[in-house]
Amino acid sequence: TFLISFDSLKHKRMTSAVSIGVIGPLAGGADMQKSIHRWLNNIAPLGWQNQIKNDVVVNYQVCAEELLVSLHHMFSVNTETNIRLGTLSDKAGVGFTAMLGYFDSPFRAVNNKIKKFQLYFYDQPMMSFIGYDATLQGGLFDKNSPYTIADDQISRVTFQNDFGVVIRIKKIYLEYSHAFLSKEFETGTTHSWGGIRIGCAF
């Protein structure tokens with residue numbers, strides 16, 4: 001569940017969110033990935049026997065954004081600061097988002113009409129400072145995970161960059177995104193992945 005608060009005069013936005021769930025086999029990640037690989041006639045993913053044991057997720061996150069530059073609904077830059085606390089991960093992050101194209105400002109007044117057509121590119125670099133990550137170090141309650149990363153092996157500072165393109169046509173939303181993430185632990189590797197998002201407003 002989440003709440004978004006706008007200050008359209010000062011061009012600020014505050015988002016708070018509470019996440020509740022599970023990590024481990026109960027989350028269904030193994031079945032989902034294996035099914036997708038099977039549907040795509042791809043090789044079976046290995047290593048799921050080493051995943052983190054079942055544990056509880058209760059996390060709270062706050063994100064503050066402020067508009068720095070805006071040019072006629074064609075270009076904008078805003079800062080972002082966030083902090084996350086809970087059983088899944090504890091971390092803080094700083095970064096910015098740049099948008100180029102034709103779009104509604106994310107800091108617009110709520111009662112303004114939404115443009116029927118929007119097309120824009122975005123880039124979002126973010127530096128994160130890591131305190132705890134249950135996906136690497138194991139859950140807080142079950143300490144019997146078969147494989148975890150030692151505290152002194154965790155990368156306490158990571159860099160992630162997300163970029164992509166968004167098309168909105170009336171109530172239809174289409175997005176392609178690509179992400180890069182630096183090493184999360186000392187002997188790990190960098191990661192890169194992409195995704196497609198489709199939505200419809202009601």
How long is the straight-line distance from CD1 of I172 back to CD1 of I167, given to the nearest 0.5 Å? 12.0 Å

Between T158 and S155, which heavy-atom pair has the shortest distance, and what is it? CG2-O, 4.0 Å

Pair H73-S105, side-chain donor/acceptor within less than 3.5 Å: no

If we only count heavy atoms from C-beta on, is the N78 to L68 side-chain gap below 4.5 Å? no

Do I20 and V22 share a hydrophobic cluster (ILVMFWY, side-chain heavy atoms under 4.5 Å, transitive)? no

Sequence neighbours excluded, the answer for side chain to side chain contact (heavy atoms under 4.5 Å, CB included) partners of A150 is D152, Q153

Testing the 3.5 Å rule here: is there a donor-acceptor pair between the side chains of N161 and D123? yes

For Q33 versus W48, what's the shortest heavy-atom pair and its separation? OE1-NE1, 2.8 Å

Can any side-chain N or O of T81 pair as donor or acceptor with the backbone N or O of V94 at less than 3.5 Å? no

Hey, quick one: are F2 and V62 part of the same hydrophobic cluster, counting side-chain heavy atoms closer than 4.5 Å, chains of contacts allowed? no

With rounding to the nearest 0.5 Å, note down the distance linking OG in S76 to CG in L71. 9.5 Å

Are S16 and Y60 side-chain neighbours, meaning at least one heavy-atom pair lies under 4.5 Å? yes

Locate the shortest heavy-atom distance separating S145 from G138; write the atom from each residue and the value. OG-CA, 4.4 Å

Given 3.5 Å as the limit, does a donor-acceptor pair link the side chain of T1 with the main chain of V18, or not? no

Assess the residue pair Y120 and V165 against the criterion (side chain to side chain contact (heavy atoms under 4.5 Å, CB included)); give the C-alpha distance rounded to whole Å, side-chain angles, the decisive distance to 0.1 Å, and a yes or no. CA-CA 6 Å; Y120 60 90; V165 58; over 6 Å; no

I'd like to check Y173 versus V166 (side-chain heavy atoms, cut-off strictly below 4.5 Å). Are they in contact? yes

Scan side-chain atoms only and decide if E175 and Y122 contain a donor-acceptor pair under the 3.5 Å cut-off. yes

Which distance, rounded to the nearest 0.5 Å, do you find between the CD of Q160 and the OG of S192? 10.0 Å

Decide whether Y132 and V58 are clustered together by the hydrophobic rule: side chain heavy atoms of Ile, Leu, Val, Met, Phe, Trp, Tyr closer than 4.5 Å, transitively. yes

I'd like to know if I198 and L119 are part of one continuous hydrophobic network [Ile/Leu/Val/Met/Phe/Trp/Tyr, side-chain heavy atoms within less than 4.5 Å]. yes

Listing request: all salt bridge (Lys or Arg N to Asp or Glu O under 4.0 Å) pairs with a residue in residues 62-85, at least two apart in sequence or in separate chains. R13-E65

Nearest 0.5 Å, what's the CG-OG1 distance between D133 and T148? 11.5 Å

If you define the side chain from C-beta out and look only at heavy atoms, does anything of I154 sit under 4.5 Å from L136? yes

Without swapping roles, check the side chain of D55 against the backbone of F141 for a donor-acceptor pair under 3.5 Å. yes

Have N82 and Q61 got a donor and an acceptor in their side chains that come within less than 3.5 Å? no

Spell out, as yes or no, whether a donor-acceptor pair under 3.5 Å connects the side chain of N59 to the backbone of T87. yes

Heavy-atom distance under 4.5 Å between the side chains of M14 and C63, does that happen here? no

Heavy-atom distance under 4.5 Å between the side chains of V69 and F75, does that happen here? yes

Any chance the side chains of T97 and Q124 put a donor and an acceptor closer than 3.5 Å? yes

Apply side chain to side chain contact (heavy atoms under 4.5 Å, CB included) to residues M127 and F129 and explain how you reach the verdict. CA-CA 7 Å; M127 190 76 70; F129 304 90; 4.0 Å; yes

If you count heavy atoms of other groups shown closer than 6.0 angstrom to NZ of K143, is the number above 12? yes

Checking T189 now: which residues fulfil side chain to side chain contact (heavy atoms under 4.5 Å, CB included) with it, not counting sequence neighbours? H191

Does W193 form a side chain to side chain contact (heavy atoms under 4.5 Å, CB included) with L181? I'd like the steps, not just the answer. CA-CA 9 Å; W193 66 91; L181 177 62; 3.9 Å; yes

Treat each ILVMFWY residue as a node, draw an edge where side-chain heavy atoms are under 4.5 Å apart, and state whether I169 and F121 are in one component. yes

OG-NZ distance between S128 and K91, expressed to the nearest 0.5 angstrom: 4.5 Å

Pairwise distance CE(M32) to NE2(H37) - rounded to 0.5 angstrom: 12.0 Å

Is the OH atom of Y147 crowded by more than 12 outside heavy atoms at less than 6.0 Å? no

Donor-acceptor pair, distance only, cut-off 3.5 Å: does the side chain of N42 make one with the backbone of R38? no

Heavy-atom pair with the smallest gap, counting every atom of G86 and D90: N-OD1, 2.8 Å

For the residue pair M126 and G93, what are the closest heavy atoms and their distance? SD-C, 3.7 Å

Give a yes or no on whether R156 atom CZ has more than 12 heavy-atom contacts from other residues, nucleotides or ligands under 6.0 Å away. yes

Using the ring of each side chain (for Trp, its six-membered ring), is F117 parallel, tilted or perpendicular to Y102, with breaks at 30° and 60°? parallel

Note: G194 and Y176 closest approach over all heavy atoms is CA-OH, 4.4 Å

Could you tell me if the side chain of D104 sits less than 4.5 Å from the side chain of Q118, heavy atoms only? yes

